[in-house]
Structures are given as structure tokens and as C-alpha cells.
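Okay, structure first, notes after.
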Amino acid sequence: MTENNTKSMTEGSPFKILWAFTLPLLLGLAFQQFYGMIDTMVVGKFLGVVALAGVGSTASINFLILGFCSGICSGFAIPVAQKFGQKDYPGLRRIVGNIVWLSVAFSVVITVVVCLLCGKILTWMHTPEDTFYYAYTYIFIIFLGIPSMILYNVLSGIIRSLGNSKVPLYFLLFSSLLNIVLDLALILWAEMGVAGAAWATVISQMVSGILCFLYICKSYPILHLSRDDMKLRKIESGRLLSMGVPMGLQYTITAVGCTILQSAVNVLGATSMAAVTAANRVQALIVTPFDAIGIASATYTGQNVGAGDISRVHKGAKVNFIMGAAYCVLALGIVALLGEDFIRLFLDPAETQTEQIIEYGQKFLLINSYNYVLLLCVNLFRFAVQGMGYSNLAILAGVLELAGRACVAMLLVPVFGFSAVCFANPAAWLLADLFLIPMYFFGVKKLKLRFSEN
């Protein structure tokens with residue numbers, strides 16, 4: 001049973017398949033970051049540096065909570081890819097039926113808990129008093145939208161697991177444009193301030209999730225669930241949780257390190273906070289190819305593990321590394337030539353701190369960009385290991401990233417100031433790679449032995 005809107009990644013040229021799958025992912029992620037940049041640009045230009053610093057200071061807590069949700073959704077998609085690779089369609093539907101129940105449960109529990117603790121978390125992060133209102137208003141509304149975010153990420157992950165990365169792109173493009181329109185309408189016309197930027201994001205995510213749901217209902221008979229498929233089952237739920245929770249925790253542990261680092265940046269004041277905010281927005285856009293390569297690696301690996309073709313998994317990893325390494329060179333050139341101009345987009349030229357913010361932000365970007373090959377390896381090998389089914393190993397990589405950022409934040413930032421902040425990400429990436437690369441080859445070897453015995 002196959003459908004025109006599904007794509008098997010278990011046969012054909014790995015390069016052609018990965019390129020065709022990764023390109024729509026890249027465009028979607030780039031647009032997602034683009035409308036995030038629009039949020040920040042509108043806030044920085046029309047609401048000022050203090051509001052920009054307040055919104056920016058929520059980035060790490062945003063990653064902490066939403067990263068956990070996104071990790072769970074990515075983990076849920078891997079058994080779908082494996083079942084599709086096995087051509088076990090009844091089993092696939094049972095997996096999807098259990099995804100529905102687990103997604104609802106996580107949405108409700110996480111939303112309630114984080115909304116109740118939102119203010120305390122910002123206090124623990126030493127958020128300055130002059131930026132606290134903006135930070136709290138923005139992040140509280142974003143957290144209210146967690147069910148919308150989970151809806152889109154789960155459904156788009158399922159669609160991609162079936163080999164279709166184009167449709168999620170189309171919906172993401174639409175919601176990105178909607179987000180930009182709502183940003184301008186709610187911030188400039190309705191004068192809702194940072195709350196307008198947050199509501200624009202939440203509404204756009206909700207629309208993209210609904211579009212994914214309608215598309216699945218119309219276009220995927222393979223996913224039409226019966227009452228029996230919707231039963232909550234111990235085996236399927238256990239498998240989903242064993243994949244999703246470790247991936248979510250890996251993001252959360254990594255984000256704890258980012259939160260510790262952000263706390264150290266907050267102590268340095270609004271200028272450093274604004275510089276990191278603007279630079280992180282620019283960097284988030286520039287590194288989207290690494291994110292796309294990682295997501296493609298998980299789907300490709302999952303399908304081929306399901307099909308029992310481990311040699312093909314390794315061929316795909318080589319292709320992804322070559323594509324990513326070529327982009328590393330291009331990314332460094334982009335940062336060197338255009339980094340300052342990108343940062344300037346987020347700032348009001350009339351602000352007295354503008355030039356210092358640009359100087360700090362460009363320094364942050366340059367030091368990070370020299371080390372992008374480390375980030376490429378983190379994404380490629382972490383997602384490949386997860387696609388093999390070893391999600392628990394990814395938690396240890398997250399612990400190492402946490403250690404890298406925490407050591408820089410607690411030991412070096414108090415001594416060297418903003419210069420130390422610039423080396424926090426490379427330190428985290430390096431430590432994670434020292435674990436992930438050997439674990440990838442361990443996973444390949446172990447799966448080869450398993451399939452040769454069968």
C-alpha cells in the first residue's frame with residue numbers, strides 16, 4: 001500500500017533523495033526563523049531596546065519548554081518512519097492513534113505547569129526589573145500557545161515521516177506570512193506591544209496545525225484511524241514515550257545550559273542582552289541548513305532502519321556531512337560580509353547603545369561561525385542516532401552541552417565578560433561531538449550485528 005503523497009527513502013540515490021527532502025525543510029525552517037526575526041525587528045524598532053532585551057531574555061526559557069515539546073514531537077515521528085519503512089501500515093495507524101492521546105496529555109499538563117511557574121522562572125534567571133514586564137507578558141502568551149505548537153509539530157512530523165517534506169513547507173510559508181501581517185497589525189495598529197508579537201506567533205502556529213490536520217484527513221487514507229486504532233495501548237505508548245521523552249529531555253537539558261548562560265548575560269546589562277538577542281536571531285536563520293540536515297537525517301535513518309538496510313544509513317550520513325560542510329564555508333562568508341548589516345535591522349539608529357550592540361553582536365556571530373562544523377556534527381549525528389532508535393544516548397549529549405555552557409557562564413563570563421559569552425556555544429558543541437560521533441558508529445555496528453543475526 002503506497003500513496004502518491006508519500007515517499008520511500010529506502011531505495012534510489014541517497015544524495016538525490018536527501019537533497020529533495022532537505023530543501024523544502026530548509027525553506028520552511030528559514031521562513032520560520034524569518035518571521036521570528038520580524039517579531040524581533042518590530043519590537044526593537046518600534047518598542048525600543050528595553051523591550052527588545054526583555055523579549056530576547058525569554059529565548060532560553062522558550063527553548064527550555066518549547067524545545068522539550070518539539071523534541072517529544074520529533075521522537076513520536078521516528079516510530080512512524082520506521083513502520084512506514086517496514087510497510088507495516090496497521091501498526092503505523094496504531095502508533096498514530098496513540099500519538100493523539102499522548103499529545104493531548106502533554107499539551108494540557110505542560111501548558112498548565114509552565115504558565116503557573118512563568119514569573120518564578122524569570123525571577124530565577126535574574127531578569128532585570130526594567131525588562132521583567134516585557135519578558136513576562138511575551139513568554140506567558142507563548143506558553144498559552146503550547147497546544148497549537150504541539151499540534152503543528154506532531155502532524156508535520158507525521159507527514160514528513162511518510163517522506164513528504166513539501167506540504168509542511170507550504171503551510172509554514174502561509175503561517176509565516178500570516179505571522180508578519182499579524183505582527184504589524186497587533187503591534188503597530190492595535191498597539192498591543194510585546195503581547196501583539198506573542199499572539200501573532202500563537203495564532204499563526206494554530207493555523208498551520210489546523211491546515212496539517214485537514215490535509216491529513218483529505219490526502220492520507222493510510223492514516224484514517226478506526227476506533228480500534230485509537231485505543232491507548234501499552235506497547236505502542238511505551239515505544240513512543242521511549243523515543244519522545246528522551247528527545248524532549250535532551251532539548252531541555254541543552255536549554256538549561258542556555259538558560260544558565262542567559263542568566264550570566266542578564267547580569268551584564270541591557271546592551272549585552274540586546275546584542276545576544278539580535279545575534280541569536282540572525283544565527284537562528286543562518287544555521288537553518290544544519291537543522292534541516294538533522295531532521296532529514298532522522299527520517300532517512302528511521303525509514304532505512306525499518307527496512308533493515310544499515311549500509312544505506314551510513315551512505316546517507318556521508319552525503320549529509322558533505323552538504324553541511326560546504327555550507328559551513330558559505331555561512332562564514334555570509335557572517336563576515338553581512339553580519340553587522342543583519343544586526344542593524346533589529347535596532348533603532350537613534351538609540352545611544354546601537355553601535356556597541358552591533359559590535360558585540362558581530363563578535364558573537366563571527367566566533368560562532370568559525371565553529372559551525374561542530375554544530376553540523378551535533379545535528380547530523382544526534383538525529384541519526386535517534387533515527388536508529390537510541391534516543392536515550394541523545395540525553396547524554398544534552399548533558400555535555402549543558403556542561404559546556406554552564407562552565408563558560410559560571411567560570412568565564414564573570415572574569416572575561418561578553419567575550420566569554422561568544423565561546424559558550426562552540427564549547428557546548430565540541431563536548432557533544434566528542435560523545436555523539438563515537439555513539440553513531442557504535443549504533444551502526446550494533447544494528448549491523450542485529451540484522452545479520454536475523
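Residue numbers start at 1 and run along the sequence shown. When reading the values below, keep in mind they use all heavy atoms of this one structure, side chains included, and skip hydrogens, waters and symmetry mates.
Under the 3.5 Å distance criterion, with hydrogens and angles disregarded, a donor-acceptor pair is assigned to the side chains of Asp291 and Asn379. Looking only at atom types and distance, the side chain of Arg239 has a donor-acceptor partner in the side chain of Gln82 under 3.5 Å away. In this structure, a donor-acceptor pair under 3.5 Å is present between the side chains of Asn164 and Tyr220. Asp229 and Ser226 form a side-chain donor-acceptor contact under 3.5 Å, judged by distance and modelled atom types alone. Defined by atom type and a distance below 3.5 Å, a donor-acceptor pair is missing between the side-chain atoms of Asn98 and Arg233.
Remark: Asp309 does not engage Lys315 in a salt bridge, criterion side-chain N to carboxylate O under 4.0 Å. Ion pairing between Lys83 and Glu236 fails under the 4.0 Å rule for side-chain N and carboxylate O.
Here the side chains of Leu375 and Asn371 are not in contact, with every heavy-atom distance at 4.5 Å or above. Under the 4.5 Å side-chain criterion, counting only non-hydrogen atoms from C-beta, Cys115 is in contact with Thr111. For the pair Tyr300 and Pro14, the minimum side-chain heavy-atom distance is below 4.5 Å. Phe383 places none of its side-chain heavy atoms less than 4.5 Å from the side chain of Val378. By the 4.5 Å heavy-atom criterion applied to side chains, Ile150 and Cys73 are counted as neighbours. Annotation: side chain of Gln386 is in contact with side chain of Ile78 (closest heavy-atom distance under 4.5 Å). Contact annotation: the side chain of Leu172 approaches that of Tyr152 to within less than 4.5 Å [non-hydrogen atoms, C-beta and beyond]. Looking at Met243 and Tyr390, their side chains never come closer than 4.5 Å, going by heavy atoms from C-beta outward.
With hydrogens and angles disregarded, a donor-acceptor distance shorter than 3.5 Å links the side chain of Thr252 to the backbone of Gly248. A donor-acceptor distance shorter than 3.5 angstrom exists from the side chain of Gln303 to the backbone of Ser161, with no hydrogens or angles considered. Between the side chain of Thr288 and the main chain of Leu285, a donor-acceptor pair closer than 3.5 Å is present. Judged by distance alone, the side chain of Thr123 and the main-chain N or O of Gly119 form a donor-acceptor pair under 3.5 Å.
Here CG of Asn153 is found 8.5 Å from OG of Ser208. Values are rounded to the nearest 0.5 Å.
Ring geometry for Tyr215 versus Phe171: interplanar angle over 60°, hence perpendicular rather than tilted (30 to 60°). A tilted orientation is assigned to the rings of Phe76 and Phe106, their planes being inclined by 30° to 60°.
Open room surrounds CD1 on Ile235; 12 or fewer heavy atoms of other groups in view lie less than 6.0 Å from it.
Looking at every heavy atom in both residues, Phe174 comes nearest to Val207 through CE2-CG1, 3.7 Å. Smallest separation of non-hydrogen atoms from Cys69 and Met149: CB-CE, 3.2 Å. Closest non-hydrogen pair, Leu18 versus Gly316, comes out as CD1-O, 3.5 Å.
Side-chain rings of Phe290 and Tyr327 approach one another, their centers coming within less than 6.0 Å.
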